[in-house]
Chemist: 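Dumping the structure here so I can ask a few things about it.
In what follows, chains carry the letters A, B, and so on, assigned in the order in which the sequence lines appear, proteins first and then strands, with residues in each chain numbered from 1.
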Amino acid sequence: MLDQKLIRENPTFVKENLSLRGKDYNISHIQELAVKKKEIDIEVSNLQYESKKLSKLIGQEINKSKNNNSLQLNNLKKKGNEYRIKISEFEEKQRIFDKEINNEILSLPNFPSKDAPIGKDESNNVQVKTWGEPLKEESLKSHWEIGESLNLFDFTKSTKISKSRFITLIGNGARLERALINFMLDMHIKNGYLELMPPALVNSESLTGSGQLPKFSNESFKCSNDDLWLSPTAEVPLTAFHRNEIIDKSQLPIKYVAYSPCFRREAGSYGRDTKGLIRLHQFNKVELYWFCDPRESLEAHQKITADAESILKKLNLPYRLVDICTGDLGFSSSRTFDLEVWLPSSKCYREISSCSNCLDFQARRSSIRTKIDKKNTYLHTLNGSGLAIGRTMAAILENGQQNDGSVKIPEALVPYFGSNYLKLA
RNA sequence: GGAGAGGUGGCUGAGUGGUCGAAAGCGAACGAUUCGAAAUCGUUUAAUAGGGAACUAUUCGUGGGUUCGAAUCCCACCCUCUCCGCCA
């Protein structure tokens, strides 16, 4: 959430910063509302002051005269009543304005960082570096072909259970998924992260706090009888874990790692990635999350990205690091580094982790602060996948495929998986 | 799901219509004392908005209502705890 005062007092600044995202944002409407609202606030405050003064006077008079029904008193009460009516009229207006302004401000995305490359869309993202040698042989099989031939998962049967874009992992497939989750968690814990296993269902307030609501209600599954949603990413419960808190500076940075299932409606992606493990309604993810001192979030962003990268390196998967351009940034993010893993069958890099610095955007929505020089200050939050499990599995299958149809398991994963090769059982 | 209890400041906890934003205690900060510390004494110590200060308003789970005046009364909702039932 952007600062309301900033919108009110410096709309040009806000508009310019937002327009870096390549879209026009209509700030003037919100700005007008905010200014009007402030006027109303002042008016209400003045009326309340008068009315409060009068009430006190009445109290004193009653104490003094012991007669609470004199003509003078009744006149005072009548005046008080007038105040009340007037105030309630203004308060009604206040409520309407508040609701509208809040809704609009909550729908504005974060400012892009000045360091982010300027651009309109994906095509303007900047490749920062690559790691490893991408396999470029022809006739390499896709992960879904490999997976089905090794009987690791079944898509058609899963359609029966739920619908398309759901998967059931079978035997070694399930085992590999588990191995990856444990491997990643252990790595990150060793790196100083505290593991959290949060609820998979989250309420509206939590989704608003991290930025999914009110604008993207379409992208999450909602439970019909409760104010609960299936969490689209552990980022949501992790942010909400500290909502409405003032965290002591000595505790920062707080670094969490959480495994969670993630649920996404993927509305509007019909026909895209219909095959394989790339785009599912439900997938597993190990998420990294930092709460940090606002003065340290730039470094933290480098670190969290490096922590996510370390997994890819350990698994020996070729990848590249991409600096996301202003037009392609997620709603809450000011700067994002994507890690993209090489998928030989499609001969391209695919996103496997997204590491974002949200600055105080989520902290303001969620009211998470720390004291700096005795002043309460919104802290900064960062998140990064470390990594998406399904996509990692896809990458392992494709990059580790052997001529005999088996798949070589990355060395670091062998203790977790229990075998060097993935073969037909 | 049934029955009951309860939600007050960083924490514990008092407060049932009038200087109550709220006693007391704990914790914390600062000062005195000390070579230093503990103990002791003193002072300070909620948040948000109004550009700092002064000052003002709001906030005692949330939203309404009654009243000149609500932490306190009324209504609705949410949450927590205990007991019973059911359940992995």
Chemist: Whole angstroms only, please: what is the CD1-P distance between A:Ile87 and B:U67?
Modeler: 14 Å
Chemist: Looking only at side-chain N and O atoms, does A:Arg8 come under 4.0 Å of OP1 or OP2 in B:G50?
Modeler: yes
Chemist: Work out how far the P atom of B:U80 is from that of B:C20, and round it to whole angstrom.
Modeler: 35 Å
Chemist: Tell me yes or no: between the side chains of A:Glu411 and A:Asn316, is some donor less than 3.5 Å from an acceptor?
Modeler: no
Chemist: Taking the P atom of each, how far is B:C30 from B:A38, in whole Å?
Modeler: 11 Å
Chemist: With both distances under 3.5 angstrom, what nucleotide forms a Watson-Crick or G-U wobble pair with B:U82?
Modeler: B:A3
Chemist: Could you verify whether a donor N or O on one side chain and an acceptor N or O on the other, from A:Glu309 and A:Tyr319, lie under 3.5 Å apart?
Modeler: yes
Chemist: Is A:Arg95 near enough to B:G64 that one of its side-chain N or O atoms lies under 4.0 angstrom from OP1 or OP2?
Modeler: yes
Chemist: Is there a Watson-Crick or G-U wobble partner for B:C30 with both distances under 3.5 Å, and if so, which one is it?
Modeler: B:G42
Chemist: Side chain of A:Arg369, heavy atoms from C-beta onward: which of B:U48, B:U58, B:G69 has the nearest atom to it?
Modeler: B:U48
Chemist: If you find the nucleotide of RNA chain B closest to A:Lys52 and the one closest to A:Ile42, which residue's nucleotide is nearer the 5' end?
Modeler: A:Ile42
Chemist: We want to know whether A:Glu235 and A:Ser210 form a side-chain donor-acceptor pair, criterion being a heavy-atom distance below 3.5 angstrom.
Modeler: no
Chemist: OP1 or OP2 of B:U48 versus the side-chain N and O atoms of A:Asn376: is any pair under 4.0 Å?
Modeler: yes
Chemist: NA contact type, A:Lys79, heavy-atom cut-off 4.0 Å: base, sugar-phosphate, or nothing?
Modeler: nothing
Chemist: Measure the acute angle between the ring planes of A:Tyr289 and A:Phe291, then classify it against the limits of 30° and 60° as parallel, tilted or perpendicular.
Modeler: tilted
Chemist: If the cut-off is 4.0 Å, is A:Lys38 near the phosphate of B:G51, judged by side-chain N/O to OP1 or OP2?
Modeler: yes
Chemist: Mind checking A:Lys37 for me? I need base, sugar-phosphate or nothing, with any heavy atom below 4.0 Å counting as a touch.
Modeler: nothing
Chemist: Quick check on B:A28: is either OP1 or OP2 less than 4.0 Å from any side-chain nitrogen or oxygen of A:Lys371?
Modeler: no
Chemist: If B:U72 has a Watson-Crick or G-U wobble mate with both distances under 3.5 Å, name it; if not, just say none.
Modeler: none
Chemist: Over all strands shown, is A:Leu76 touching base, sugar-phosphate only, or nothing at heavy-atom distances under 4.0 angstrom?
Modeler: nothing
Chemist: In terms of side-chain heavy atoms of A:Tyr49, which of B:A47, B:C68, B:U56 is nearest?
Modeler: B:U56
Chemist: Give none if B:A49 has no partner; otherwise give the nucleotide forming a Watson-Crick or G-U wobble pair with it, both distances under 3.5 Å.
Modeler: B:U56
Chemist: Which value, in whole Å, describes the distance between the C1' atoms of nucleotides B:C11 and B:U45?
Modeler: 14 Å
Chemist: Between A:Phe263 and A:His281 (judged by ring centroids, cut-off 6.0 Å), do the two rings come close enough to count as a pair?
Modeler: no
